[in-house]
A.B. asks: 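Here it is: the structure, laid out below.
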Amino acid sequence: MRHMIDPLDFSVQEVENVLDLADSIAADPSRYREVCRYKKLATLFYEPSTRTRLSFEAAMLNLGGSVLGFSSADSSSASKGESIADTIRVISCYADICAIRHPKEGAPLRASMYSRIPVINAGDGGHQHPTQTLTDLLTIRRRLGRLQDFTIGLCGDLKFGRTVHSLIKSLSRYSGIRFILISPEELRVPDYVIREVLDANAIPYEEVTSLEDVMPQLDILYMTRVQKERFFNEEDYVRLKDTYILTEDKMKLAKEKMAVLHPLPRVNEITLPVDNDPRAAYFEQVQNGVYVRMALIMTLLGLADGGKETK
Ligand code: CP
């Protein structure tokens with residue numbers, strides 16, 4: 001039985017297979033509408049979500065399966081003190097696969113140790129968010145036609161942004177990737193990511209504070225929200241939240257084919273007129289998130305083979 005807890009749980013080839021399958025699904029979704037008939041997905045969300053929970057649910061429904069679950073810890077027996085280990089033992093009796101979002105780093109990993117069904121990490125604290133990364137990879141591959149040889153600027157809250165940590169980890173396996181890490185001093189990429197991922201793999205990167213200065217170099221700009229919910233005090237959040245705001249004027253500094261990604265939700269960091277720029281790819285990401293999660297569910301349930309479905 002396989003789980004998806006960390007972006008490196010799948011090999012580069014396995015990731016490619018999931019992306020290929022997602023492309024096949026996007027080309028003809030109707031071919032896949034019975035693949036998960038009689039299968040059930042449980043979504044256990046101990047933290048708020050719009051995209052991840054609903055795209056997992058849409059993915060399973062698109063595959064002909066069913067969904068059950070909860071959308072906050074308050075509406076589950078976690079509020080009575082039930083452990084994640086006991087919860088997953090119980091959920092294993094109700095569903096065939098589950099997606100867990102939890103504020104505690106490592107909670108989905110712990111769940112996977114007690115689970116009889118595949119567990120997908122749908123975001124754990126400020127740590128990892130591997131299915132957002134699959135979404136990002138699919139969007140990059142569709143936009144650039146490749147997953148190697150490009151410069152990516154990651155901008156905003158690089159300290160608490162779990163999507164950033166997972167994307168860096170995942171892209172570290174492709175050749176010719178150069179990272180430009182754009183953040184205020186207080187929100188830099190955690191040391192462990194720099195040490196264990198970038199330095200350990202001799203991947204070129206630079207840490208800067210000015211978005212405008214590096215904009216002309218970028219093939220991908222990955223904007224992120226300052227993660228209010230992870231701050232210890234409101235004052236720091238208010239001081240840092242609007243450090244980077246992508247505007248039409250700043251877009252004039254960028255390459256003609258640069259793609260702007262954002263995992264969403266957006267607060268202020270991309271102004272609305274940028275949405276009309278053909279380089280804005282963040283709503284495409286949302287659509288790709290459904291296809292890639294359909295592909296992942298099929299893969300973890302053993303219903304896909306080498307990027308091609310085995311109906
Ligand atoms: N990108 C993402 O994780 O969005 P949600 O928090 O809405 O799931």
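Atoms within a ligand are numbered from 1 in the order they appear, just like the ligands themselves. The figures that follow rest on heavy atoms only: side chains count, while hydrogens, waters and symmetry mates do not. Residue numbers count from 1 along this sequence.
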A.B. asks: Between Ala304 and Thr299, which heavy-atom pair has the shortest distance, and what is it?
C.D. replies: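 In terms of heavy atoms, the two residues are closest at CB-OG1, 3.9 Å.
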
A.B. asks: Any idea which heavy atoms bring Leu246 and Met215 closest together, and the distance?
C.D. replies: CD1-CE, 3.5 Å

A.B. asks: Evaluate the criterion side-chain contact (heavy atoms from CB on, under 4.5 Å) for residue pair Tyr114 and Thr87; output intermediate values, then yes/no.
C.D. replies: CA-CA 9 Å; Tyr114 293 89; Thr87 300; over 6 Å; no

A.B. asks: Take atom CZ of Arg110 as the centre, draw a 6.0 Å sphere, and report whether it contains more than 12 heavy atoms from other residues, nucleotides or ligands.
C.D. replies: no

A.B. asks: For ligand 1, list the protein residues that place a heavy atom within a distance below 4.0 Å of one of its atoms, sorted by chain and number.
C.D. replies: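 If the criterion is a heavy atom under 4.0 Å, then ligand 1 touches Ser49, Thr50, Arg51, Thr52, Arg101, His129, Gln132, Pro263, Leu264.
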
A.B. asks: Please confirm whether Arg293 makes a cation-pi placement over Phe56, using NZ or CZ under 6.0 Å from the six-membered ring centre and within 45° of the ring normal.
C.D. replies: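 Yes, a cation-pi geometry.
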
A.B. asks: Minimum heavy-atom separation for Pro263 to Thr163, with atom names?
C.D. replies: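 In terms of heavy atoms, the two residues are closest at CG-OG1, 3.6 Å.
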
